[in-house]
Number of protein chains: 2
Amino acid sequence: MTPPAPSRRHAIADDLRNQISKGHLKAGERLPSEAQLAARYAVSTPTLRNALALLQAEGLVEKLHGSGNFVRHPLHRTTYVGGGHTPSALAPAERALHTSIRATNLRAHGHLTALLGVSPRSPLMEFFCISREGKTPHSLARIYVPRDLVPADGPEGLLTARLLDLCPPLGVVQETVSSRLPTPDEATTLRISPNLAILSITRVATDTTGRVVEAALLALPGDRADAVFTTHHAAEARRAER
Amino acid sequence: MTPPAPSRRHAIADDLRNQISKGHLKAGERLPSEAQLAARYAVSTPTLRNALALLQAEGLVEKLHGSGNFVRHPLHRTTYVGGGHTPSALAPAERALHTSIRATNLRAHGHLTALLGVSPRSPLMEFFCISREGKTPHSLARIYVPRDLVPADGPEGLLTARLLDLCPPLGVVQETVSSRLPTPDEATTLRISPNLAILSITRVATDTTGRVVEAALLALPGDRADAVFTTHHAAEARRAER
DNA sequence: GAGTGGTCTAGACCACGAG
DNA sequence: TCGTGGTCTAGACCACTCA
């Protein structure tokens with residue numbers, strides 16, 4: 001189907017890919033050093049590095065500066081479930097994801113004002129969430145909520161984020177998905193290379209009055225995340241009948 | 001916010017980015033040759049090419065082999081509207097998109113059988129759609145429909161695709177979004193570099209009986225496409241009351 | 001054929017991580 | 001400190017586009 005790529009880096013990448021899929025190189029294992037691999041394939045180091053860059057973009061190999069290149073564990077894909085009211089970037093509970101949340105008070109600025117439809121410097125609360133499987137991060141979320149929607153009583157623990165499920169009757173949730181390169185910060189916190197594209201989701205939730213109750217900026221590593229959106233058309237058909 | 005990137009290629013990319021945004025380099029214009037730019041910035045050609053690769057990944061620059069590097073027209077972003085029943089990768093009609101459709105008869109094979117929930121070699125019709133704005137493609141779609149749902153009367157013109165709006169009462173539409181590198185074919189038909197990630201959307205639509213009436217594989221260039229999904233929670237709330 | 005980008009080489013030097 | 005990957009150089013050769 002795909003014509004065999006003539007370039008050397010593709011040939012090398014194909015060979016390593018095969019070795020990985022056939023189990024000659026196991027998950028978590030360290031590859032030989034780039035110098036050794038370059039010698040084995042009789043290419044220069046930049047060429048070999050290009051080959052590894054391909055595998056890295058596919059999520060098969062993880063590069064750790066100073067340590068080596070490692071075979072990534074067999075692609076545990078995270079699934080983001082769209083359609084609203086998920087406190088963090090809620091992945092299906094199937095897999096044990098440790099989610100750490102950090103809450104910060106701040107004031108609206110920049111495009112946050114436009115997203116939330118509030119005036120500049122109006123008080124917000126930011127929830128900075130990272131979910132990990134083991135040591136490797138699987139999602140990064142920055143969730144902004146007008147401060148008056150956050151109950152002042154409890155400590156801003158895990159529960160405060162969860163209240164979004166209950167508090168106001170949700171109206172419309174709009175999620176915009178795009179694919180882009182991570183910012184340097186995102187790349188480091190997600191522990192991915194700056195060349196690996198991410199799924200970037202902007203979620204804006206409004207209550208029934210049209211007020212924005214939540215704006216979330218989600219970043220999911222492109223090599224280990226999908227987003228699923230399900231639409232029930234039967235509901236709309238029924239509604240149309242009325 | 002973002003610490004100034006120390007590497008030369010980032011510095012060069014930043015400079016070119018500024019020149020583009022300030023209008024010193026206009027859309028559609030050709031950049032000086034890579035050799036000239038390398039000389040101007042006093043770097044080697046590979047380094048300069050790395051800088052251009054960054055701009056290319058951002059969609060600001062388009063490389064045409066043998067012709068030169070060009071400033072891309074100001075990012076006409078296409079928006080894919082999720083939530084079902086759109087015949088092709090229907091972008092909002094705001095912009096004049098020429099969509100060409102080619103219909104082919106084939107039989108289910110490979111993962112198509114799983115997607116559509118049909119037995120192998122059962123007859124399908126494939127719609128191969130490309131939408132362009134001017135000369136540059138904006139989306140690529142392969143839509144598969146069980147052949148018995150396609151009316152045999154009319155020629156498989158534009159209308160055949162549109163009938164999906166009407167014919168069966170739709171049940172559930174599920175759309176899975178991921179970010180990945182294009183296959184070589186996709187890269188060439190979309191006229192993007194193999195390094196630019198695409199938004200890949202798999203859409204499966206079922207009718208009210210649960211039968212799959214359409215499976216679509218969509219590929220949208222990551223630098224000029226978004227996908228938007230809107231969920232109306234009021235409807236669900238009302239439904240829950242009953 | 002002249003000029004362009006695409007690939008590759010064979011080194012050099014720096015930055016990071018672990019012992 | 002030592003081995004690792006990260007960046008860069010200066011030039012070679014090939015492939016493509018256009019006149």
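Labels below follow one simple rule: chain letters A, B, ... track the order of the sequence lines, proteins then strands, and each chain is numbered from 1. Given the structure is predicted, the values throughout are model-derived calculations rather than measurements.
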A.B. asks: Whether B:Thr47 contacts D:dT7 is assessed here as follows: a side-chain N or O lying under 4.0 Å from the phosphate OP1 or OP2. Is that the case?
C.D. replies: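 Negative; the distance criterion is not met.
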A.B. asks: Can you name the closest pair of heavy atoms from B:Leu140 and B:Leu190 and give their distance?
C.D. replies: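 Result for this residue pair: CB-CD2, 4.0 Å.
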A.B. asks: Within the 3.5 Å criterion, strictly below it, is a donor on B:Tyr41 or B:Arg9 matched to an acceptor on the partner's side chain?
C.D. replies: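 Result is no, nothing qualifies.
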A.B. asks: So does A:Asn69 get a side-chain nitrogen or oxygen closer than 4.0 Å to the phosphate oxygens (OP1/OP2) of D:dT4?
C.D. replies: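 It does not, given that no N or O in the side chain of A:Asn69 lies less than 4.0 Å from OP1 or OP2 of D:dT4.
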A.B. asks: In whole angstrom, give the distance that lies between atom CG of B:Leu48 and atom P of D:dA10.
C.D. replies: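 After rounding, the reported distance stands at 14 Å.
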A.B. asks: Tell me whether A:Arg147 is salt-bridged to A:Glu126, with the criterion being a basic N under 4.0 Å from an acidic carboxylate O.
C.D. replies: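 Result for this pair is no, no salt bridge flagged.
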A.B. asks: Would you mind classifying the nucleic acid contact of A:Arg9 as base, sugar-phosphate or nothing, using non-hydrogen atoms under 4.0 angstrom?
C.D. replies: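 Result for A:Arg9 = sugar-phosphate.
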A.B. asks: With respect to the phosphate group of D:dG6, does any side-chain polar atom (N or O) of A:Arg49 fall under 4.0 Å of OP1 or OP2?
C.D. replies: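 So the side-chain polar atoms of A:Arg49 do come within 4.0 Å of the phosphate oxygens OP1 or OP2 of D:dG6, strictly under.
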A.B. asks: Side chains of A:Thr202 and A:Thr176: any donor to acceptor distance under 3.5 Å?
C.D. replies: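 Distance-only check fails for A:Thr176 and A:Thr202.
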A.B. asks: Among D:dG11, D:dT7, C:dG6, which nucleotide has an atom closest to any side-chain atom of B:Lys63?
C.D. replies: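 Comparing D:dG11, D:dT7, C:dG6 against the side chain of B:Lys63, the answer is C:dG6.
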A.B. asks: Look for any protein N or O under 3.5 Å of an N or O in nucleotides 12-18 of chain C and output each such pair with its distance, or none.
C.D. replies:
| from | atom 1 | to | atom 2 | distance (Å) |
| --- | --- | --- | --- | --- |
| C:dA15 | N3 | A:His65 | NE2 | 3.2 |

A.B. asks: What closest approach, in Å, do B:Arg17 and B:Leu55 show between heavy atoms, and which atom pair accounts for it?
C.D. replies: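 For B:Arg17 versus B:Leu55, the nearest heavy atoms are NH1-CD2, 3.8 Å.
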A.B. asks: Dot-bracket notation for DNA chain C is requested: 5' to 3', Watson-Crick or G-U wobble pairs only, both distances under 3.5 Å, with ( ), [ ], | and . as defined.
C.D. replies: ||||||||||||||||||.
A.B. asks: Looking at B:Glu58 and B:Arg72, is there a salt bridge between them, counting it only when a charged N and a carboxylate O are closer than 4.0 Å?
C.D. replies: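 Salt bridge: no.
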A.B. asks: 5'-most contact on DNA chain D: B:Pro46 or A:Gly68, nearest heavy atom basis?
C.D. replies: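 Its nearest nucleotide lies further toward 5', so the answer is A:Gly68.
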A.B. asks: Of the residues in residues 33-40 of chain B, which ones touch DNA chain C at a heavy-atom distance under 4.0 Å?
C.D. replies: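 Within residues 33-40 of chain B, the residues near DNA chain C are B:Ser33, B:Glu34.
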